There are 2 protein chains.
Amino acid sequence: MEFKHLCLVRFKEGVVVEDIIEELTKLAAELDTVKFFGWGKDVLNQEALTQGFTHVFSMSFASAEDLAAYMGHEKHSAFAATFMAVLDKVVVLDFPFVVAKPAPSPEAA
Amino acid sequence: MEFKHLCLVRFKEGVVVEDIIEELTKLAAELDTVKFFGWGKDVLNQEALTQGFTHVFSMSFASAEDLAAYMGHEKHSAFAATFMAVLDKVVVLDFPFVVAKPAPSPEAA
């Protein structure tokens, strides 16, 4: 079962978010333990629902061990120090991901 | 580009979470606008990171219009009323999902 590392964040004012995302994309590309990386920016802007969070970052790993290896990697540690410094608020969840309704296969689409 | 509807929640004490997940899985299965549904429960339990959130629910749609159709569907409204009543806290983000590092294709894996 796939293992996910999910971050919801709000950046501090003045932060160049594009630069942070570029750095994170580079990190994900460099580390083989990262099987998948995607991100999104909320577009509905309903404060009552978002609680002020604006961005989501989602990484997938083949196993909890691969996630642990990623978390312990010196490149991750270096990035995390920079990342945490630009955040106003953050929530991180780590979980095995249960697929309850699979996406249609490309053939079926 | 795929459109995602992501909820992070903490349930009230005494809630039978399995029943809620079963209901949500049924809802996702019934509505064709829901292209994908998956969920997870945090396993690292680091309160400083999770901020007390325990579960993630993630749905994908082919477009923002499909998400809007889902949100406006009477079956969703009925479920949402029940769902909100069992939550202690919730964050919802809606966003086009940018794939920055695609998962390896089955052939490549």
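Computed from a predicted structure; not experimentally measured. Chain letters run A, B, ... following the sequence lines, proteins first and then strands; every chain starts at 1.
Across all their heavy atoms, Val56(A) and Phe95(B) have their closest contact at CG2-CE2, 3.5 Å. Nearest heavy atom pair, residue Phe97(A) against residue Ser58(B), reads CZ-CB, 4.3 Å.
Of the inter-residue distances, the one linking Leu49(A) atom CG with Asp94(B) atom CG reads 7.5 Å to the nearest 0.5 angstrom.
Using a 4.5 Å heavy-atom cut-off against chain B, the contacting residues of residues 78-92 of chain A are Met84(A), Val90(A), Val91(A), Val92(A). Heavy-atom neighbours of chain B within the stretch residues 6-20 of chain A, taken at a separation under 4.5 angstrom, comprise Leu6(A), Leu8(A).
A donor-acceptor contact shorter than 3.5 Å is absent between the side chain of Lys4(B) and the backbone of Gly40(A). A donor-acceptor contact shorter than 3.5 Å links the side chain of Lys101(B) to the backbone of Ala28(A).
By the ring pair (Phe, Tyr, Trp, His ring centres under 6.0 Å) test, His5(A) is found to be paired with no residue, residues two or more places apart in sequence or in another chain being considered.
Neither the backbone nor the side chain of Ser60(A) comes within contact range of chain B, judged by heavy atoms closer than 4.5 Å. In this structure, the portions of Pro96(A) lying under 4.5 Å from any heavy atom of chain B include both its backbone and its side chain.
A side-chain hydrogen bond (donor to acceptor under 3.5 Å, both in side chains) check over residues 26-42 of chain B, counting only residues at least two apart or in different chains, returns the pairs Glu30(B)-Lys75(B).
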Problem - Working for side chain to side chain contact (heavy atoms under 4.5 Å, CB included), residues Phe37(B) and Val99(A) - result: CA-CA 6 Å; Phe37(B) 169 53; Val99(A) 175; over 6 Å; no
